[in-house]
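Here the structure comes first, spelled out in structure tokens, and everything after it is commentary.
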Amino acid sequence: MDQDSLETSWSKAPLTTSLHMATGLLLAGQKAIADLPIDDYKKVRAQSYILSRLLQNVNGQHMDVTNGIQTEAEYIEMVKKKSGSLVAMACFVGTALAGAKKTLSSLKSMPMI
């Protein structure tokens, strides 16, 4: 989206194609979780973590593409939202689907998440 690399496969495709592929992958992931043969509570928690972290990611991406970063602190905050939110999402979703409540509590107490 920010067109900061011309060497990636998705940079060579038209923007509309890349956006459709990204949307499709997000929806396929949601469908895969919805279809899991596990407790609905675990699935709802996982999907809630996905949505909240993706919203953080969108906020961070917007900070990046608007080129409004002026300080090191702003840059670190943008990276936390843009990339850190996706790493956090993977951790939260995995622990939610596994039902690991103790690990979930530990993750929530981490300062960067």
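In the hydrophobic clustering, where aliphatic and aromatic side chains (Ile, Leu, Val, Met, Phe, Trp, Tyr) are joined below 4.5 Å either directly or transitively, I69 groups with M63, Y75, M78, V79.
Listed by chain and number, the residues in a salt bridge (charged side-chain N to carboxylate O under 4.0 Å, His left out) with K43 are D40 (sequence neighbours excluded). Residues passing the side-chain contact (heavy atoms from CB on, under 4.5 Å) test with T71, sequence neighbours excluded: A73, E74. Residues forming a side-chain contact (heavy atoms from CB on, under 4.5 Å) with T66 (at least two apart in sequence, or on another chain): H62. The side-chain hydrogen bond (donor to acceptor under 3.5 Å, both in side chains) check on N67 picks up nothing, with sequence neighbours excluded.
Of the inter-residue distances, the one linking L15 atom CG with H20 atom NE2 reads 10.0 Å to the nearest 0.5 angstrom. Summarising the geometry, atom CG belonging to N57 is positioned 8.5 Å from atom NZ belonging to K82; distances are rounded to the nearest 0.5 Å. Rounding to the nearest 0.5 angstrom, the gap separating the CG atom in N59 from the CD atom in E77 is 8.5 Å. A distance of 12.0 Å separates OG in S83 from CD in Q56, rounded to the nearest 0.5 Å.
Taking all atoms of both residues into account, the shortest heavy-atom contact from R45 to A96 is CB-CB, 4.1 Å.
Connection of L97 to L86 is established within a shared hydrophobic cluster, with ILVMFWY side chains joined at heavy-atom distances below 4.5 Å, either directly or through further cluster members. No path of Ile, Leu, Val, Met, Phe, Trp and Tyr side chains, each step under 4.5 Å between heavy atoms, connects L55 with I50, placing them in separate hydrophobic clusters. Hydrophobic clustering places L36 together with M89 (ILVMFWY residues linked when any side-chain heavy atoms are closer than 4.5 Å, directly or through intermediates). Cluster annotation: F92 is connected to L54 through the hydrophobic network of ILVMFWY side chains, with a link wherever side-chain heavy atoms come within less than 4.5 Å.
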Pair up each side-chain donor or acceptor in residues 23-33 with any protein partner under 3.5 Å, not counting sequence neighbours, and list the distances.
residue	atom	partner	partner atom	Å
T23	OG1	L19	O	2.9
K31	NZ	D35	OD1	3.0
K31	NZ	D35	OD2	2.9

